[in-house]
Amino acid sequence: MNLFFDLKSKKVGYSRIGKVYLSSKVRKYFSTPNIVIPMTNTLIGNINFLEYFENHEIFLITKEIFLKIGFLQDKFRNTSFMYSHNGTLERYEEILHINEQIFSQDNICSIIPFNIPTSSIDKDFAEKEIKNYIQNINQILERYPNNNFGITIKIFDYSELIRLYFPLITKYRNIRILNFADLFDTFKNYRAILKVINEVKQELNNNLVLMASGRIIPKFYPFLIYLGIDLIDSSYMMYISAENYYDAIEDLLPIYKLKELPCPCVACSGRLNELLQEKYSQQKIMLLVLHNLISAKNYMNKIKQYLNTEDYRAFLEKTTHDDPLLYSSLKTLDKEYFKTLRLETPLSMESTLIKCIGPISYNRPDFKEFRKRITTTFTPEPWTKLIIILPCSAKKPYSESKSHKLFYKVIRKFPEFPDFQEIILTSPLGAIPRQLENIYPVNSYDIPVTGEWDYEEVQISAKMLIKLLKKYNEKIPIICHLKDGGYSSIIDVAVKELKHQFYFSKTDNDLTSSYSLKSLEETLITVKDQFIPEGDSITNTSLTNTWLRKLIKIADYQYGVDSGIKLFTEGITTRKNRTGTKFEIFKANSNDFIGIFDFRKGQIELSLNGANLLFPFDDNGNTIIFDGDTITGSNLFRPGIIDYSSNIKPNSNVFILDKSKQHIIAIGNSVIGSNDIRNTKKGLVAEIYEKL
Amino acid sequence: MKNYNENISLTSRITQIRQKIINKKKKVSNLRLDMPVSYWIKEDRLLSKRGKEFMIILRTKGCSWALGDSGGCSMCGYIGDSNINYVESNNIINQFDYAMDKKRDEIAAAEEDFVLKIFNSGSFFDDEEITEEVRTHIYEEIEMNNRIKEVVVESRVEYLEEDKLKAMRNTLKDKYIEIAIGLETVDDYFRNNYINKGLLFDDFLKAVELCKKLNLGIRVYLLFKPPFLNEQAAIDDCINSVNKLIDLKVDTISINPINIQKGSYLEYLWYQNRYRPPWFYSLIKALKKIFINKKDEIPVRIISDPSGAGTKRGIHNCLKRECNENMLSLLRSFVLTQKIEELVKEVPECECYLQYKLKKFYL
């Protein structure tokens, strides 16, 4: 079957960026996520509508006449269309039959309607109706195997019923679009919404385009995109315009409330202003339709922008304040669906500023994954004899901040400073070992700081700190150089759970004052020799270099425990690039190229050489088994894959092995996670950057 | 009990509502049992010309389908007009005679011919409601009145037995008789799952054959916008049904837009805003679409006399009187003349047309 949906990149949550190719012959496409604009007689007759939406990529038509008048061939040759019928399935079949030729053309895809019944009596009724619908559309799908179809999915508020559709969807390969027509009608049932989306994402081919239609208003768009919806039908904007509502994004306002119009669009800067008080004016309603559609489209453009280049999650969190139901939905999604989301969310993003404002940020899937990973992969350096707990800083990475530089002045007075393990406490990321201060998201987050921490923040950091500290010998002393307030609450919790001895430097209000720094120094002097670690003293190994220590732990974080030692045990030399955004890593004394560290991504990317140092991989390694010995081109597609690890995340380093699993034949970055690899039969899986 | 693809979810709800109505029923005094529920005379379309209708609504025990296990049709509240308890034959005869007597002079004095419609909100040929004795009396009365040219009675198909029909045919020698059947839609699924009619299309076909054989006319009732359908589906269903019926060569099609009746299941949906009665625009659209391309005359008599038109419970556009009256007059003139040109006539546009176009998908 021809390519329909081409996933370009996975973003946070279920969201993704892709391209839809309605045509198999011409490489014409429209990008997702996107908004589907309705095209009706009323709208077409409005010149402003035509002007503004002239270049819009995807429209929805519901009148047969648009199919007939050579319309699609002329003015809108380069546009994509969806066709659906608002009435009976029977009539739709007739139209499909009569216009058979048009539907097999390039730029139109029809969506099988499910309009009847308009509501349900009870669950048995709903189940019966869905089964009847599925039975009826079987025939349509059989009859036109070469046409692309969308099917309309209705569940009448019973989330379990979504499973009734699965056999049909998996059976017919000409189903390309799933149009959820009643799922988002009211967010009161957000648990049902989350359940349905999760099941669809877990079980169905991820190359299916997800479309949302029905009673959806723009303030819900960001959340829908986060749920992995690719297309949103904006037809409902016509209905609300007829009801005299004005879309101001955060809210729908009744037009009579508006004294000034907060929008510069062609409608609002035109006659709409004068007509605000006209109760029955048709012109006003038409202008309102225009404004509302423009407003919806603009919002979608903004969403796309944020999805592409900014931290979409922070943007989404902000929009959840537009409706309590949105906030509840996001909070529930974070809490209850982490298991699926962790395989959908990229491990790192190119650093744009990650804003964490408020409790809704604490449990972002990428943060949760981060906290979990640190506690499972971080292993104490065997020569550690002292732990120092420090506060975080505004500037990232921490060691470049003024405060930490001053701390260093004290700490590095001691020649044995590599024996000291520094842990930085921060909300909402928890407790960060110094070695991991350059990875995502530690390298790019920002939070409001007032000195006060709420209960949840304290618990998150304390739990993580405790988990880390439990890995260390109980006799190792711990120095805390922290201010009062939130930090001390964390230590209070930790002290109760741990047997280690805690020492506190005396500080005044400013941790970098000479008084505080002096106290830190004195405490260090007192405490540093209390514990003598077993094994070689550190000065015998070459692993004291700060960056080496970092890279070892970063490698553990990315590739699993002990990976760092395997890669870097013989020491390294590094070479920065001209712009200072990455550096290359070579084996000391041999100039073998191991990989690079990218500051913006906060990740190591290994070379084949480096990857071979890690071979063989355990079950948790990021491996993909390729059906062959060599890969042509720089892309790895799904059909060539015979096996893969179960915990691959998007945007992570993956190793491609040959059929025998004995050789690494290529290395690259994954585009999708294991869950999607399982559910898809085609499409891009990884971008290769080095191969045999 | 025949399996009509019964929808238990629906029938249980309908029977619940029906029981409430039946339990509330007060006993009707004997005096009232001698009077019909209603009767009137008004303009109407005869087979091939304009005329007058004389309508008599008899009070009988009530529709057996509604009183039975399935609860009856989901949009019907006529059981509220019925007696529930058995009504004696002589009562019904008195009802009929009462109406005839009251209107005898008016009928005699009129210029136009008449069609007599005898409705009992049930089945004319159901012996539980109307016995053969009553029917015979009615036939004899009608036969004596030469102003009455056409007669219409209603019945469910299970009561259309050959001997009963023959009796009617043989007594009313020169009158044009139409048996009205509530088919509602040609789609079995809608009819039995949403309307709960308990009627299969095949059985309807058999009834049509029987009537044709006995030289009886067939009038089919179509329901415009059954429950659980949206506006466009209503239009599609109407077009489909009318076209199919034209092919079957029935004599009259009566299109009945939904009217929310008290005590019906549909009223319950309507209260919850899960059903909105149809718009005039939809009906006019459907009619135009069916006939606009037919070059010959319309091959079947189409009538439509919506009850509750222009009100919230009946077919309406907006609630402005003028708008709905304009629409109604369009419809009426089409029915009276049977000319499609009447439907395309210009009417003053109402603001609600834009509302209709913008909101149609969600109605």
Side-chain angles (χ1 to χ4, degrees), chain A residues 38 40-43 45 60 62-64 84-95 113 115-129 132-133 135-136 181 185 213-215 233 235-244 278-286 288-289 292, chain B residues 5-14 16 74 185-190 193-194 196 225-241 243-244 265 268-270 272-276 282 285-286 289 318 320 349-363:
Chain A
T40 65
N41 270 321
T42 324
L43 291 171
L60 173 70
T62 48
K63 280 235 175 277
E64 199 192 346
S84 188
H85 179 61
N86 262 89
T88 56
L89 197 55
E90 223 176 10
R91 178 68 189 134
Y92 167 78
E93 282 185 80
E94 276 172 34
I95 295 174
N115 295 311
I116 303 163
T118 49
S119 72
S120 171
I121 302 176
D122 58 19
K123 187 168 165 201
D124 287 334
F125 181 81
E127 193 170 334
K128 186 165 181 238
E129 293 297 318
N132 184 53
Y133 169 74
Q135 206 181 6
N136 288 338
D185 274 0
S213 56
R215 292 168 164 78
D233 175 16
S235 304
Y236 191 56
M237 303 312 278
M238 295 198 294
Y239 184 96
I240 61 154
S241 308
E243 294 280 294
N244 275 305
E278 295 284 327
K279 209 168 174 201
Y280 295 115
S281 162
Q282 294 209 58
Q283 201 188 11
K284 177 189 71 170
I285 293 188
M286 277 315 295
L288 211 47
V289 171
N292 286 334
Chain B
N5 196 13
E6 218 172 67
N7 179 342
I8 300 178
S9 307
L10 183 59
T11 53
S12 60
R13 297 292 191 294
I14 297 177
Q16 260 181 331
S74 59
T185 162
V186 300
D187 188 313
D188 271 341
Y189 194 84
F190 294 167
N193 275 287
Y194 300 149
N196 196 38
K225 197 173 178 184
F228 301 109
L229 265 68
N230 62 5
E231 291 290 318
Q232 185 61 47
I235 296 173
D236 291 344
D237 178 53
C238 182
I239 296 173
N240 187 34
S241 299
N243 281 331
K244 213 163 183 178
Y265 173 74
Y268 164 77
L269 282 184
W270 175 73
Q272 298 192 322
N273 284 324
R274 287 159 69 190
Y275 180 86
R276 194 249 186 236
S282 302
K285 218 180 221 190
K289 216 161 177 209
C318 49
K320 295 211 192 84
E349 202 183 83
C350 180
E351 291 110 22
C352 68
Y353 190 49
L354 182 58
Q355 295 274 320
Y356 171 74
K357 282 193 284 185
L358 294 174
K359 295 205 225 174
K360 197 169 143 198
F361 296 173
Y362 301 92
L363 294 170

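First the proteins, then the strands, lettered A, B, ... as listed; each starts at 1.
- For the side chain to side chain contact (heavy atoms under 4.5 Å, CB included) test, residues two or more places apart in sequence or in another chain that qualify with B:Ala234 are B:Phe224, B:Lys225.
- Partners of A:Phe125 by ring pair (Phe, Tyr, Trp, His ring centres under 6.0 Å), not counting sequence neighbours, listed by chain and number: B:Phe228.
- Judged by distance alone, the side chains of B:Tyr362 and A:Ser235 never bring a donor and an acceptor atom under 3.5 Å apart.
- When B:Lys360, B:Gln355, B:Glu231 are compared by the number of non-hydrogen pairs under 4.5 Å with chain A, B:Gln355 comes out ahead.
- Proximity to chain A (any heavy atom under 4.5 Å) is restricted, for B:Tyr265, to the side chain, taken from C-beta onward.
- In the model, A:Asp122 has a side-chain atom that pairs as donor or acceptor with a side-chain atom of B:Ser9 under 3.5 Å.
- In this structure, the portions of B:Phe361 lying under 4.5 Å from any heavy atom of chain A include both its backbone and its side chain.
- Of the two parts of A:Ser281, neither the backbone nor the side chain holds a non-hydrogen atom closer than 4.5 Å to a non-hydrogen atom of chain B.
- Heavy atoms of B:Gln272 lying under 4.5 Å from chain A are absent altogether.
- The two residues A:Thr42 and A:Met286 come nearest to each other via the heavy atoms CG2-SD, 3.7 Å.
- No part of B:Cys352 comes within reach of chain A, as not one of its non-hydrogen atoms sits under 4.5 angstrom from that chain.
- Contacts of A:Glu90 with chain B are made by side-chain atoms alone, with heavy-atom separations under 4.5 Å and no backbone atom involved.
- The shortest heavy-atom contact between A:Tyr133 and A:Pro113 is CE1-O, 3.1 Å.
- Residue contact with chain A, scored on non-hydrogen atoms closer than 4.5 Å, involves the side chain of B:Phe190 exclusively.
- With chain A as the partner, the residue from B:Asp237, B:Asn240, B:Asp236 showing the most heavy-atom pairs under 4.5 Å is B:Asp236.
- Comment: B:Glu351 does not engage A:Lys284 in a salt bridge, judged by the lack of any side-chain N to carboxylate O separation of less than 4.0 angstrom.
- Interface remark: B:Arg274 contributes backbone and side-chain atoms alike to the contact with chain A (heavy atom separation under 4.5 Å).
- Among A:Leu89, A:Asn41, A:Asn86, A:Val289, the residue with the largest count of heavy-atom pairs under 4.5 Å with chain B is A:Asn86.
- Surrounding CD of A:Gln135 are at most 12 heavy atoms belonging to other residues, nucleotides or ligands under 6.0 Å away.
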